[in-house]
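Below you'll find the structure, written out as structure tokens, and then a few comments.
Hydrogens, waters and symmetry mates are skipped; everything else that's a heavy atom, side chains included, is used. So you know, we letter chains A, B, ... as the sequences are listed, proteins then strands, and number each from 1.
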2 protein chains.
Amino acid sequence: MEGSSQMPIYKKIIDYIEKCIKNGVYIRGGAIPSEQELCEMFQCSRMTVRKALDELVSTGILFKAQGKGAFVSTIEYDRLYSLKGFTQIMKEQGYEASSEVLSFEQVPASDEIARKLRIIEGDMVYSLARIRKASGVALSIEQVYLPAIELPDLEKYEFSTCSLYETMEREYGLRIERAVQTINTVEVTGEQAQILFQKDQGVALRSFSIGYDKNSKPIEYEIALYNGYKYSIDVIINN
Amino acid sequence: MEGSSQMPIYKKIIDYIEKCIKNGVYIRGGAIPSEQELCEMFQCSRMTVRKALDELVSTGILFKAQGKGAFVSTIEYDRLYSLKGFTQIMKEQGYEASSEVLSFEQVPASDEIARKLRIIEGDMVYSLARIRKASGVALSIEQVYLPAIELPDLEKYEFSTCSLYETMEREYGLRIERAVQTINTVEVTGEQAQILFQKDQGVALRSFSIGYDKNSKPIEYEIALYNGYKYSIDVIINN
DNA sequence: TAGTGGTCTAGACCACTCA
DNA sequence: GAGTGGTCTAGACCACTAT
């Protein structure tokens with residue numbers, strides 16, 4: 001699996017420390033081995049150990065105190081990864097995630113979509129609309145736009161059962177590294193209100209989100225409406 | 001000001017690059033100088049340059065492509081800093097931020113507050129309730145709890161005019177490095193509905209947020225109600 | 001082939017914390 | 001004073017991208 005020997009040493013150290021935290025070998029608020037000890041454990045130089053620790057500090061998993069050592073952050077570990085997607089979040093909370101696909105088609109990008117995805121108006125985008133459910137209860141209506149050129153033949157996948165994020169990563173090597181999200185409220189009526197609230201109207205939580213890959217290229221523009229009484233948006237903010 | 005010569009070289013490099021981006025010397029999507037060139041510019045070793053670039057990459061300001069170079073992220077620069085506080089956000093958008101203090105007192109921590117701030121139930125906390133306004137229009141009601149032991153004599157400040165975040169940083173050296181936030185919707189009635197919506201009832205955007213300092217210690221617990229028609233919560237999510 | 005970033009070494013000196 | 005992390009050097013070899 002992971003531990004292949006061509007993996008850089010610093011990544012092995014990161015993996016090792018994360019595993020120790022998950023296993024409870026290193027406990028929340030407790031110290032991890034000193035840099036010197038990690039050098040000996042992994043038979044490497046101090047700079048290599050420090051590269052690993054720097055990365056764990058920047059993701060919020062560890063914090064350091066000069067003269068004292070490095071410690072496991074006391075923020076709940078699971079929350080440190082925010083970009084999980086609906087499917088994974090629901091799975092972790094013990095619900096069965098499912099989706100009902102309302103539409104899935106290629107359309108030319110409108111002016112708004114083209115601006116968000118930084119493509120030319122009229123370029124083709126995949127438009128995927130889904131109802132997201134947890135254990136059968138509708139929690140959100142999600143409209144996603146994806147640049148067709150980045151995801152050729154996407155129509156062969158069936159997103160009522162597949163996770164969109166998993167498919168993008170596995171089949172296209174596209175991973176959302178960073179997203180910019182705006183959240184507010186909006187009155188909904190008609191079909192949307194029926195789906196979310198089983199009423200003629202209601203107030204939904206609305207999220208606009210642009211997802212970027214590692215080269216800071218936009219690869220996803222999403223507009224989602226949530227039943228904000230049944231669902232919360234969790235985010236972690238770094239300075 | 002900043003450029004004092006005891007500042008570490010890598011921080012000078014970070015400052016320099018950020019300034020060049022702000023000034024438009026390095027443009028969005030464009031390359032910055034190569035590592036070798038930066039070594040010569042700052043008369044330092046490559047590892048020092050790389051430490052600076054690593055930090056800029058991890059905050060999303062730069063991205064790299066092996067064999068090609070390092071480039072300025074195309075995400076809007078201003079959005080890369082999320083933890084700004086109400087005062088600063090409003091200032092940037094050209095509104096005049098003001099606050100009306102509803103109450104400001106020391107109280108013993110309830111069970112819930114104690115758990116969030118990781119203190120003992122009954123320990124004293126400052127409780128600050130404010131109405132946040134932009135150009136005179138009420139946008140939110142904010143209730144903040146702060147551990148009294150970390151902020152002695154906080155009552156001498158006047159938070160209808162002072163920024164809480166600025167005061168915490170300037171007077172106590174406390175800076176929120178990371179926050180965990182949960183957002184949903186809630187029905188509000190009575191006084192709260194009057195303040196936010198000038199009606200007897202409405203649906204507000206509700207945010208629970210815990211702010212942590214660099215040692216991952218909770219230093220702020222905030223419950224805020226927003227008029228989600230007039231105000232949006234902006235966040236940036238990293239993976 | 002030349003230039004770029006990716007990984008790594010084996011030291012050095014400093015500042016801080018704790019006993 | 002012993003142990004910790006913070007900063008830094010002057011090299012090395014590799015993988016990738018361009019031309």
Side-chain angles (χ1 to χ4, degrees), chain A residues 2-17 26 29-73 173 175 177 213-217, chain B residues 2-17 26 29-73 173 175 177 213-217:
Chain A
E2 315 292 20
S4 52
S5 55
Q6 12 67 305
M7 187 189 287
I9 300 172
Y10 79 91
K11 282 199 178 144
K12 289 185 191 168
I13 300 175
I14 290 173
D15 276 4
Y16 172 78
I17 291 173
Y26 304 155
I32 66 163
S34 73
E35 294 180 355
Q36 193 50 54
E37 288 171 313
L38 288 166
C39 289
E40 283 156 20
M41 287 169 64
F42 287 89
Q43 287 295 304
C44 68
S45 76
R46 189 169 161 225
M47 285 303 267
T48 303
V49 167
R50 283 181 63 77
K51 173 154 175 78
L53 298 190
D54 280 354
E55 220 167 293
L56 290 166
V57 168
S58 87
T59 53
I61 291 169
L62 298 180
F63 66 93
K64 288 179 171 185
Q66 191 173 3
K68 288 195 193 171
F71 303 86
V72 180
S73 166
R175 190 179 144 76
E177 295 285 337
D213 73 359
K214 64 177 167 26
N215 295 337
S216 151
K217 188 196 295 179
Chain B
E2 315 291 20
S4 52
S5 55
Q6 12 66 306
M7 188 189 288
I9 299 172
Y10 79 91
K11 281 199 179 146
K12 290 184 190 168
I13 300 175
I14 291 173
D15 276 5
Y16 172 77
I17 292 173
Y26 304 155
I32 65 163
S34 73
E35 294 180 355
Q36 193 50 54
E37 287 170 312
L38 287 166
C39 289
E40 282 156 22
M41 287 168 65
F42 288 89
Q43 287 295 305
C44 68
S45 77
R46 189 169 161 225
M47 286 303 266
T48 302
V49 167
R50 283 182 64 76
K51 173 153 174 78
L53 298 190
D54 281 353
E55 219 166 294
L56 291 166
V57 168
S58 88
T59 54
I61 291 169
L62 299 180
F63 66 93
K64 288 177 171 186
Q66 191 174 6
K68 289 196 194 170
F71 303 85
V72 179
S73 167
R175 190 179 145 76
E177 295 286 337
D213 73 359
K214 64 177 167 27
N215 296 336
S216 155
K217 189 196 294 180

Measure from CZ on B/F63 to C1' on C/dT4 and round the result to the nearest Å. 15 Å
Residues from residues 32-41 of chain A sitting under 4.0 Å of DNA chain D, heavy atoms only? A/S34, A/E35
Rounded to whole Å, please give me the gap between CG in B/N215 and P in C/dT17. 11 Å
Test ring-ring contact (aromatic ring centres under 6.0 Å, His included) applied to B/F71 - qualifying residues, sequence neighbours left out: B/F63
N/O to N/O distances under 3.5 Å, protein versus nucleotides 13-19 of chain D:
from, atom 1, to, atom 2, distance (Å)
D/dA15, N3, B/Q66, NE2, 3.3

Main-chain N/O of B/S34 paired to B/E37 side chain as donor or acceptor, under 3.5 Å: yes
Side chain of B/S45: nearest nucleotide among C/dG5, D/dA10, C/dT7? D/dA10
Among residues at least two apart in sequence or on other chains, which ones pass side-chain hydrogen bond (donor to acceptor under 3.5 Å, both in side chains) with A/S58? none
Taking salt bridge (Lys or Arg N to Asp or Glu O under 4.0 Å) as the definition, give me every residue that meets it alongside B/D54, ordered by chain and number, with sequence neighbours left out. A/K51, B/K64
Under the side-chain contact (heavy atoms from CB on, under 4.5 Å) test, residues paired with B/K214 that sit two or more places apart: B/E177
A/K217: what forms a side-chain hydrogen bond (donor to acceptor under 3.5 Å, both in side chains) with it, not counting sequence neighbours? A/E150
Would you say the side chain of A/I17 lies within less than 4.5 Å of the side chain of A/V72, judging by non-hydrogen atoms? no
Does a side-chain N or O from A/Y10 land closer than 4.0 Å to OP1 or OP2 of C/dC8, or not? no
Can you tell me the distance, in whole Å, between the CE atom of A/M47 and the P atom of C/dA10? 13 Å
Output side-chain donor-acceptor pairs under 3.5 Å for residues 41-48 of chain A, partner residues at least two apart or in another chain, one line each.
from, atom 1, to, atom 2, distance (Å)
A/Q43, NE2, A/E40, O, 3.1
A/S45, OG, A/T48, OG1, 3.4
A/R46, NE, A/E35, OE1, 2.7
A/R46, NH2, A/E35, OE1, 3.0

Across all chains, not counting sequence neighbours, the side-chain hydrogen bond (donor to acceptor under 3.5 Å, both in side chains) partners of B/K68 are none
Between D/dT7 (P) and B/K12 (NZ): distance, integer Å: 13 Å
Please work out which residues in residues 51-58 of chain B have a non-hydrogen atom less than 4.0 Å from an atom of DNA chain C and list them by number. none
Tell me whether the OP1 or OP2 atom of D/dT4 has a side-chain N or O from A/K64 closer than 4.0 Å. no
Sorted by chain and number, sequence neighbours left out, side-chain hydrogen bond (donor to acceptor under 3.5 Å, both in side chains) with B/Q66 holds for none
Atom-pair distance (CZ on A/R50; P on D/dC8), nearest Å: 11 Å
Under 3.5 Å donor-acceptor, A/S73 side chain and A/G60 backbone: yes
So, does A/T48 get its side chain near the phosphate of C/dT7, meaning an N or O under 4.0 Å from OP1 or OP2? no
Over how many whole Å does the gap from A/F71 atom CZ to C/dC16 atom C1' extend? 13 Å
Atom NZ of B/K214 to atom P of D/dG6: distance rounded to whole Å? 11 Å
